[in-house]
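The structure appears below as structure tokens.
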Amino acid sequence: MVKAGTNLEKVLESGGFAVTAEAGPPKGTSPAVMERKAEMLRRCCDAANVTDNQTAIVRMSSLAGCVLLKQESIDPVMQIVCRDRNRIAIQSDVLGAIALGIGNILCLSGDHQKFGNHPTAKNVFDIDSIQLIQVLKNMRDEKKFMSGEEISGEVPIFIGAAANPYADPFEFRVARLAKKVKAGADFIQTQAVYDVAKFAKWMKMVTERGLDREVHILAGIIPIKSAGMARYMRDYVSGVSVPDEVVTRMEQAKDAKEEGKNIAVELIEQTAEIPGIHGVHIMAVGWEDIVPEVTRQAGLLPRPIL
């Protein structure tokens with residue numbers, strides 16, 4: 001296997017506890033947005049994801065956002081969703097990413113377009129996220145396109161995928177993770193963790209199958225900004241399990257943002273104790289400036305220099 005040589009890969013392969021963050025690109029053309037986010041995240045994470053038209057809303061491309069982060073000395077994670085491109089366009093984007101020095105790629109299905117700002121758009125889903133992982137693995141290890149044709153030059157990729165420990169049916173969640181690992185995933189970023197007990201139960205099934213020895217698992221953390229956000233995530237966001245006590249804490253807090261930060265720190269500390277966890281993925285949606293404080297308070301600074 002060709003090593004991607006990314007900072008994220010080095011931290012995880014060295015046995016370190018990794019921290020990844022998220023830098024959502026703008027609904028516009030200004031590079032200054034990504035530069036500002038890079039300045040906030042540079043010293044507190046090992047790599048930063050750039051979302052790919054998240055929730056089916058048109059934004060600057062993940063590829064462009066990754067280039068802008070790389071120019072600001074941040075190791076980027078390019079997200080690719082299967083919703084918008086066929087296998088030709090996906091493989092083309094991968095070659096372009098490698099040529100531009102982007103080595104971390106996260107494979108996702110993508111939110112359905114009905115949730116976004118172009119609900120009548122035609123989706124693609126030529127391949128699914130598990131097939132995409134397999135495509136990237138073959139491009140890297142066999143130097144072959146999906147068609148079987150040879151690729152000229154090395155294709156160093158650190159392959160990522162997502163996992164949702166809370167979706168129904170719960171007992172099938174580990175089986176789906178196992179398929180992604182078998183397809184070639186090197187690291188996993190999970191859906192947001194609030195219900196730690198249920199997450200620990202999922203991780204127990206993961207470790208019983210030995211999957212934690214085959215893939216690096218990073219627990220997802222979304223800092224809550226307000227009581228309204230807590231209620232919305234509990235009641236309307238599918239695949240996220242927010243216990244009532246978390247909502248109550250936010251409702252009773254004198255300073256909601258401070259309480260949200262405290263909850264995020266507690267969740268990091270609790271998930272870090274769960275066997276098989278190799279890091280955290282902090283998704284501070286539109287609240288990137290809280291990430292340095294959360295990582296500092298959780299004892300995750302300074303980040304290693306490898």
Side-chain angles (χ1 to χ4, degrees), residues 1-23 25 34-35 37-39 41-52 61-80 90-108 129 132-146 150-162 180-189 212-218 277-282 295 300-306:
M1 184 185 95
V2 178
K3 291 280 186 181
T6 67
N7 189 60
L8 178 59
E9 181 182 47
K10 290 174 183 175
V11 170
L12 286 169
E13 291 294 323
S14 69
F17 188 84
V19 177
T20 56
E22 198 166 88
M34 298 305 290
E35 290 163 2
K37 293 186 178 187
E39 183 59 34
L41 299 174
R42 184 182 295 114
R43 296 170 188 83
C44 56
C45 67
D46 305 307
N49 289 33
V50 181
T51 54
D52 183 13
S61 71
S62 180
L63 179 55
C66 285
V67 171
L68 292 170
L69 288 187
K70 194 164 182 67
Q71 289 173 351
E72 297 294 320
S73 302
I74 289 188
D75 185 26
V77 179
M78 185 172 87
Q79 293 190 357
I80 296 180
I90 287 173
Q91 291 173 103
S92 175
D93 281 353
V94 170
L95 297 183
I98 299 301
L100 292 166
I102 298 161
N104 307 306
I105 299 180
L106 188 81
C107 304
L108 302 165
S129 59
L132 176 54
I133 295 166
Q134 184 72 60
V135 169
L136 296 189
K137 185 176 188 294
N138 289 341
M139 291 178 76
R140 180 189 66 195
D141 298 349
E142 308 297 330
K143 291 174 65 174
K144 288 184 178 179
F145 290 114
M146 201 171 177
E150 297 283 337
I151 298 172
S152 62
E154 297 293 342
V155 189
I157 312 171
F158 195 48
I159 304 169
K180 293 186 176 184
V181 174
K182 185 177 180 181
D186 298 309
F187 71 97
I188 298 290
Q189 293 171 330
D212 60 304
R213 296 191 295 274
E214 298 180 58
V215 71
H216 301 288
I217 301 175
L218 283 69
I277 291 297
H278 299 173
V280 289
H281 176 51
I282 305 172
T295 50
L300 297 174
L301 298 181
R303 300 310 306 150
I305 300 173
L306 300 176

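Numbers for residues simply follow the sequence, beginning at 1.
Between the side chain of K70 and the backbone N or O of G101, at least one donor-acceptor pair lies under 3.5 Å. Although no hydrogens or angles enter the test, the distance criterion places a donor-acceptor pair under 3.5 Å between the side chain of D46 and the main chain of V19. Between the Q91 side chain and the M146 main chain, a donor and an acceptor come within less than 3.5 Å of each other.
Residues C45 and I282 form no side-chain contact, since every pair of their non-hydrogen atoms from C-beta on lies 4.5 Å or further apart. Considering only heavy atoms from C-beta on, V94 stays 4.5 Å or farther from F145 through its side chain. You'll find the side chain of V50 stays beyond 4.5 Å of the side chain of L68, heavy atoms only. By the 4.5 Å heavy-atom criterion applied to side chains, K144 and E150 are counted as neighbours. The shortest distance between side-chain heavy atoms of I105 and L132 does not fall below 4.5 Å. Between V135 and I90 there is no side-chain heavy-atom pair separated by less than 4.5 Å.
Taking the salt bridge (charged side-chain N to carboxylate O under 4.0 Å, His left out) definition, one finds that R42 meets it with E39, E72, sequence neighbours left out. Residues forming a salt bridge (charged side-chain N to carboxylate O under 4.0 Å, His left out) with K37 (at least two apart in sequence, or on another chain): E288. Residues satisfying the side chain to side chain donor-acceptor pair (under 3.5 Å) criterion with T51, sequence neighbours excluded, are absent altogether. Q189 pairs by the side chain to side chain donor-acceptor pair (under 3.5 Å) definition with T20, N49, H281, not counting sequence neighbours. With sequence neighbours left out, A162 forms a side chain to side chain contact (heavy atoms under 4.5 Å, CB included) with L108. The side chain to side chain contact (heavy atoms under 4.5 Å, CB included) check on L301 picks up C44, T295, R296, R303, with sequence neighbours excluded.
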**Message:** Walk me through whether K180 and S129 qualify under side-chain contact (heavy atoms from CB on, under 4.5 Å).
**Reply:** CA-CA 8 Å; K180 293 186 176 184; S129 59; 4.0 Å; yes

**Message:** Please determine whether side-chain contact (heavy atoms from CB on, under 4.5 Å) holds for the pair C107 and L136, giving the CA-CA distance in whole Å, both sets of side-chain angles, and the decisive distance to 0.1 Å.
**Reply:** CA-CA 9 Å; C107 304; L136 296 189; 3.5 Å; yes

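Residue pairs meeting the side chain to side chain donor-acceptor pair (under 3.5 Å) criterion with at least one partner in residues 92-104, sequence neighbours excluded, are T6-N104, D75-N104, R85-D93. Listed by first and then second residue, the salt bridge (charged side-chain N to carboxylate O under 4.0 Å, His left out) pairs that reach into residues 4-15 are K3-E13, sequence neighbours excluded. Applying the salt bridge (charged side-chain N to carboxylate O under 4.0 Å, His left out) definition to pairs two or more places apart or across chains, those involving residues 132-142 are K137-D141, R140-D186.
The nearest pair of heavy atoms linking V67 to L100 is CG2-CD1, 3.8 Å. Closest of all the heavy-atom pairs between A48 and I74 is CB-CG2, 3.9 Å. Between M34 and P25, the shortest heavy-atom contact is SD-CA, 3.5 Å. Of all heavy-atom pairs spanning S62 and Q79, the tightest one is OG-N, 3.2 Å. Nearest heavy-atom pair, A161 versus I133, reported as atom, atom and distance to 0.1 Å: CB-CD1, 3.6 Å.
The aromatic rings of H216 and F158 lie tilted to each other, with the angle between the two planes from 30° to 60°.
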